[in-house]
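See below for the structure under consideration.
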Amino acid sequence: MTLIIDYDAGNLRSVQRACAEVGLNARISNEASAVARADRIIFPGVGAAGSAMRSLQANGLDKALLDAFKAGVPVLGICLGMQISLSHSEENDTTTLGLIDGEVRRFRLDDPALKIPHMGWNEVRLVKPHPVLAKVQPGDEFYFVHAYYPAPAERSAVYAQATYESTFCCALGRDNYFGTQFHPEKSGRVGLELLACFAAWDGTLSPEVRDAQ
Amino acid sequence: MLSKRLIACLDVRDGKLAKSVKFVDTKDIGDPVEKAREYYDDGLDELVFYDITASSDRRRIMLDVVEKVAEQVFIPLSVGGGIRTVQDATDLRLAGAEKINVNSAAVQRPALIAECAEAIGNQNVVLSMDILRVDKSETCPSGYEIVINGGRTRMGMDALAWALEGERLGAGELVVNSIDADGTREGYEINLTRMLAEAVRIPVIASGGAGRPEHLAQVLTEGKADAALVASMVHYGDYTCSGLKGYLHEHGVKMRMSW
């Protein structure tokens with residue numbers, strides 16, 4: 001069973017619909033017991049890091065998610081759901097899950113003509129291959145909406161980058177966890193293909209992928 | 001680098017597609033779900049539905065349209081028209097809308113913007129403004145006035161001041177719709193769009209007046225808009241979404257070209 005974690009963080013049905021489109025029947029739940037039974041997890045979300053963490057903790061979802069990660073269950077974090085996988089967020093000065101060592105920072109842009117949030121379609125450039133990104137071609141653009149971006153401490157966690165004044169990490173991973181800053185469920189065909197790749201991923205990485213820097 | 005966006009606006013009345021010219025004389029031009037799918041397949045970047053249904057069961061009809069579209073269109077979907085409460089906004093979000101456009105109700109009760117931003121996030125609240133060119137005056141120093149009720153009621157409010165107030169209250173994006181240009185097909189109101197785009201730090205969507213591809217290029221460069229909204233240009237088959245994007249791309253405007 002694929003589970004979409006519900007922690008009051010926005011529009012989960014759009015993720016569910018996009019999953020259905022690629023043949024992945026996903027259930028939405030806010031129960032830690034459901035997370036424990038899931039064999040695939042999607043951790044979506046828009047909103048603020050502080051309230052999201054409180055909501056996760058209130059339902060015991062933080063621990064359930066970490067347990068699932070340790071058990072090798074493939075997990076996909078999207079936007080805020082991805083940001084929460086790092087160790088700390090500048091947003092509300094929040095301590096987050098720490099699956100990936102690093103920080104989530106707010107955009108500080110020099111160009112006054114650039115808007116915040118970074119909203120719209122932007123090119124996702126692969127840094128190294130990953131099974132979830134297998135179908136992404138040079139020039140493919142995905143839909144972003146965010147004012148904060150992830151800055152993993154280890155270069156090895158970075159799988160793709162995008163540029164908004166400066167270059168930032170927009171897809172990261174570690175073992176059976178993978179996360180995107182962009183919204184595959186709102187990114188048309190290329191987004192659906194990414195979800196299909198996640199649906200087919202067993203959570204393992206070949207040694208070449210795992211050890212690539 | 002961030003691409004500029006092509007957005008198509010579909011006016012929906014009683015669950016059918018309509019296109020207004022100067023906000024009067026609407027006529028049905030087809031099924032909104034089919035049109036949405038067609039544009040999605042042809043590379044459209046974002047969709048806006050504007051509900052102009054007058055009947056009392058308008059909300060149910062619109063929720064139904066949004067649900068059906070959200071099942072097959074996987075790009076951002078924005079819905080406006082008659083949103084007066086946070087409940088209206090959250091219902092539409094549940095049905096599958098990404099963003100909510102507020103317009104007249106926010107002019108009459110600005111707190112609606114802050115309430116919606118709190119409930120669904122700033123980035124999902126779009127402040128749509130219908131704007132009339134007027135002589136500069138003490139009440140409208142920018143020379144642009146806010147109108148509501150589909151352009152029928154002048155509010156004696158300055159458009160620039162309202163845009164800044166909307167941003168302060170938590171709007172994540174602005175739609176700048178020129179009543180003067182709307183339906184003319186003679187081009188967007190460039191001065192108005194640029195004035196507002198330079199004044200706020202949230203994205204600005206230019207609306208009203210598009211008739212030829214060069215109008216889009218102009219408003220996305222000279223007009224400094226982040227996105228261009230089209231309606232009749234694509235609804236009647238004169239232009240296609242992919243054709244417009246190809247034109248813009250060839251003329252140096254950064255667009256998403258693979259889909």
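In the text below, chain A, chain B and the rest are named by the order of the sequence lines, each starting its count at 1. Fair warning: this is a prediction, and the values are worked out from it, not measured in the lab.
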Side chain from CB out, backbone as N, CA, C, O: work out which of these in [X] comes under 4.5 Å of a heavy atom of chain A, or both, or neither.
{"X": "Glu173(B)", "result": "side chain"}
{"X": "Ile120(B)", "result": "neither"}
{"X": "Asp226(B)", "result": "side chain"}
{"X": "Ala97(B)", "result": "backbone"}
{"X": "Ala95(B)", "result": "backbone"}

Taking all heavy atoms of [X] and all of [Y], pick out the closest pair and write down the distance.
{"X": "Leu2(B)", "Y": "Asn122(A)", "result": "N-ND2, 3.5 Å"}
{"X": "Val200(B)", "Y": "Lys115(A)", "result": "O-NZ, 3.8 Å"}
{"X": "Tyr40(B)", "Y": "Arg189(A)", "result": "OH-N, 3.8 Å"}
{"X": "Ile116(A)", "Y": "Ile202(B)", "result": "O-CG2, 4.3 Å"}

Would you indicate whether [X], at its atom [atom1], is surrounded by more than 12 heavy atoms from other residues, nucleotides or ligands within a distance under 6.0 Å?
{"X": "Gln57(A)", "atom1": "CD", "answer": "yes"}
{"X": "Gln72(B)", "atom1": "CD", "answer": "yes"}
{"X": "Asp202(A)", "atom1": "CG", "answer": "yes"}
{"X": "His249(B)", "atom1": "NE2", "answer": "no"}

Please confirm whether the backbone N or O of Leu114(A) pairs with a side-chain atom of Arg201(B), one donor and one acceptor, at under 3.5 Å?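 Looks like yes, one N/O pair under 3.5 Å.
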Any donor-acceptor N/O pair, Trp121(A) side chain to Asp45(B) backbone, under 3.5 Å: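 Yes; at least one donor-acceptor contact below 3.5 Å.
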Under 3.5 Å, is there a donor on one side chain and an acceptor on the other for Gln137(A) and Ser258(B)?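 Not at all, the side chains of Gln137(A) and Ser258(B) share no donor-acceptor pair under 3.5 Å.
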Name the region of [X], side chain, backbone, both or neither, that has any atom closer than 4.5 Å to a heavy atom of chain B.
{"X": "Ser187(A)", "result": "backbone"}
{"X": "Val145(A)", "result": "side chain"}
{"X": "Pro112(A)", "result": "backbone"}
{"X": "His146(A)", "result": "neither"}

Can you find a pair of side-chain heavy atoms, one from Glu67(B) and one from Arg17(A), that are under 4.5 Å apart?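 Answer yes - side chains close enough.
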Report yes if the side chains of Met119(A) and Arg5(B) come closer than 4.5 Å at any heavy-atom pair, otherwise no.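 A side-chain contact exists here, since the closest heavy-atom pair is under 4.5 Å.
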Would you mind telling me which of Ala70(B), Gly121(B), Gly172(B) has the largest number of heavy-atom pairs within less than 4.5 Å of chain A?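 Sorted descending by pairs with chain A, the first entry is Ala70(B).
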side-chain contact (heavy atoms from CB on, under 4.5 Å) partner of Phe74(B), chosen from Lys186(A), Glu21(A), His183(A), Glu185(A):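 Considering Lys186(A), Glu21(A), His183(A), Glu185(A), a side-chain contact (heavy atoms from CB on, under 4.5 Å) with Phe74(B) is found only for Glu21(A).
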How far does [atom1] of [X] sit from [atom2] of [Y], to the nearest 0.5 angstrom?
{"X": "Arg93(B)", "Y": "Leu12(A)", "atom1": "CZ", "atom2": "CG", "answer": "9.0 Å"}
{"X": "Met257(B)", "Y": "Glu141(A)", "atom1": "CE", "atom2": "CD", "answer": "9.5 Å"}
{"X": "Arg13(A)", "Y": "Glu71(B)", "atom1": "CZ", "atom2": "CD", "answer": "8.5 Å"}

Do the side chains of Glu123(A) and Lys254(B) get close enough for a salt bridge, i.e. N-O under 4.0 angstrom?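 Salt bridge: no.
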